[in-house]
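Lettering of chains follows the sequences in order, A, B, ..., and the numbering in each one begins at 1.
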Amino acid sequence: MLRPRIIPVMLLKGRGFYKTRQFRTPVYVGDPINTFRIFCEKEVDEIVVLDIEATSSGRGPRLDLIEDIASECFMPMAYGGGVRTVEQARSILKLGVEKIVLNTVAVEEPEVISHIADLAGSSSVVVSIDAKKKMFGGYDVYIRSGTKKARLDPVTLAKQAEQLGAGEILINSIDRDGTMEGYDLSLIEQVANAIDIPVVACGGCGSLDDLESALDSSASAAAAGSFFVFQGRHRAVLISYPSAEDLARIAKRQQSRHQPSTSGTI
Amino acid sequence: MIGIIDYGLGNPAAIHNMLRRIGIHSIVSGNQAELASADKLILPGVGAFDEGMRSLAARDLIQFLDEQVKAKNKPLLGICLGMQLLGIGSEEGNLPGLGFLPMTFQKFKPLPDSQMKKLHMGWNEVQPVQESPLLAGFDRTPSFYFVHRFFAVCAEQNDLLGRSTYGTQFPSVVGRHNVLGVQFHPEKSHKFGMHLLRNFAEGY
């Protein structure tokens with residue numbers, strides 16, 4: 001049976017991993033290589049690394065660091081941050097990375113989505129959407145690490161990304177980021193119900209129940225940052241990941257939704 | 001030494017990294033002379049079927065693989081698209097495959113009102129169907145990372161080594177003598193993948 005993926009999202013700043021709260025106040029979490037090694041030992045389903053300075057600083061992806069991380073990565077890895085061209089995507093994929101995450105460029109030059117999908121296949125292209133609640137209902141999309149409002153809403157962007165060849169949507173709630181108070185389920189549902197490609201929910205996870213509620217809201221996979229790196233009320237840094245038993249339990253409950261019946265034999 | 005075939009598609013570096021991790025010497029190459037010096041070959045691949053066959057043809061590797069597999073009896077493991085290319089053809093394209101195994105590929109058809117996607121992406125179990133060195137010695141049912149839209153239909157049941165379920169049951173591990181294929185990505189499947197790649201390196 002296909003298990004829903006549970007995915008740690010790590011934020012790269014300088015040469016360290018950080019965790020933000022509502023996209024602000026980054027707290028140092030650890031050295032990327034070490035952190036990766038720990039996640040690898042814990043056999044995580046997949047991992048996402050987002051360089052949150054690559055676009056704002058104008059420097060683009062740090063290929064040397066991505067290479068160091070990918071060479072010890074025996075699980076699927078997605079990288080995002082500062083990717084604007086097919087050439088950049090090509091060099092990153094060559095290092096042993098499976099997926100390219102596009103955020104700012106997906107709004108500013110959406111055709112890049114198609115170009116990378118043509119090069120590497122749709123399943124290698126993830127469009128990440130950072131959404132923030134509007135004062136009087138609805139959501140705005142933000143780009144450039146949440147600093148610039150884009151003139152469209154998350155559902156429109158998700159549909160457009162799907163049409164252009166994105167294989168997956170990573171939907172992140174800026175309001176919930178780092179709060180560990182639960183996902184924005186209505187945001188997840190709106191986006192997941194509007195498109196046919198898998199949606200990865202992100203932003204606000206603080207418990208195993210939260211992971212499940214995101215999956216219940218039609219997300220194909222649930223991602224989190226703080227939940228996998230902080231422990232206890234004082235948010236001491238401790239890398240963790242649900243046990244195999246917990247994952248199996250979650251998978252079993254989701255099974256009926258994802259695979260309602262098995263037809264045919266071989 | 002294992003030769004990982006570099007024909008411009010897929011991610012030979014990831015396979016090379018994992019083989020290095022488990023202490024198995026490998027090279028990544030698209031050069032016939034270099035690949036001919038390897039004891040075993042791995043055909044990786046991500047992307048469209050016809051693009052895969054065209055890329056092999058552009059590097060003169062179709063005839064070369066035929067000789068290596070049939071005349072020299074060299075073990076060959078196809079991974080993901082690499083497995084699909086071992087067959088006769090695919091619904092996805094028009095070009096013939098390498099034809100080493102009598103299998104074709106068809107699209108997943110999501111059941112109505114289900115959350116099932118056209119793309120099978122994520123971790124799924126592989127149930128062994130018959131004994132084979134490739135699937136030997138796992139201490140529990142292994143899970144692997146899959147990303148694909150097309151699945152195999154085997155003409156010969158004997159070629160089916162392991163199967164998985166996504167809406168329908170489908171062959172996820174196939175093989176006959178020295179030709180083997182896995183629909184998933186062992187190089188991205190933690191210790192299960194390491195175990196399987198070691199089985200390939202040592203069992204054939």
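- The ring of B:His148 has its center closer than 6.0 angstrom to the ring center of B:Phe146.
- The candidate with the highest count of non-hydrogen atom pairs below 4.5 Å against chain B, out of A:Pro76, A:Gly121, A:Cys73, is A:Pro76.
- Between chain A and the options B:Met121, B:Glu187, B:His185, heavy-atom pairs under 4.5 Å are most frequent for B:Met121.
- Proximity to chain B is absent for every atom of A:Ala221, based on heavy atoms less than 4.5 angstrom apart.
- Side-chain contact between B:Leu35 and B:Phe64 is present, with at least one heavy-atom pair separated by less than 4.5 Å.
- Within the 4.5 angstrom heavy-atom criterion, only side-chain atoms of A:Lys99, from C-beta onward, approach chain B.
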Derivation of the ring-ring contact (aromatic ring centres under 6.0 Å, His included) call for B:Tyr145 and B:Phe184: CA-CA 6 Å; B:Tyr145 183 75; B:Phe184 46 82; over 10 Å; no
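- Aromatic ring orientation, B:Phe144 versus B:Phe138: perpendicular (interplanar angle above 60°, classes split at 30° and 60°).
- The aromatic rings of A:Tyr241 and A:Phe228 sit tilted, their planes meeting at an angle between 30° and 60°.
- When each of B:Arg21, B:Arg149, B:Glu125 is scored by its heavy-atom pairs under 4.5 Å with chain A, the top score falls to B:Arg21.
- Using a 4.5 Å cut-off between heavy atoms, A:Leu119 does not touch chain B at all.
- With respect to A:Glu168 and A:Arg5, a salt bridge is recorded, a charged nitrogen being found less than 4.0 Å from a carboxylate O.
- Interface check for chain A: of the options B:Glu51, B:Lys117, B:His16, the most heavy-atom pairs under 4.5 Å are formed by B:Lys117.
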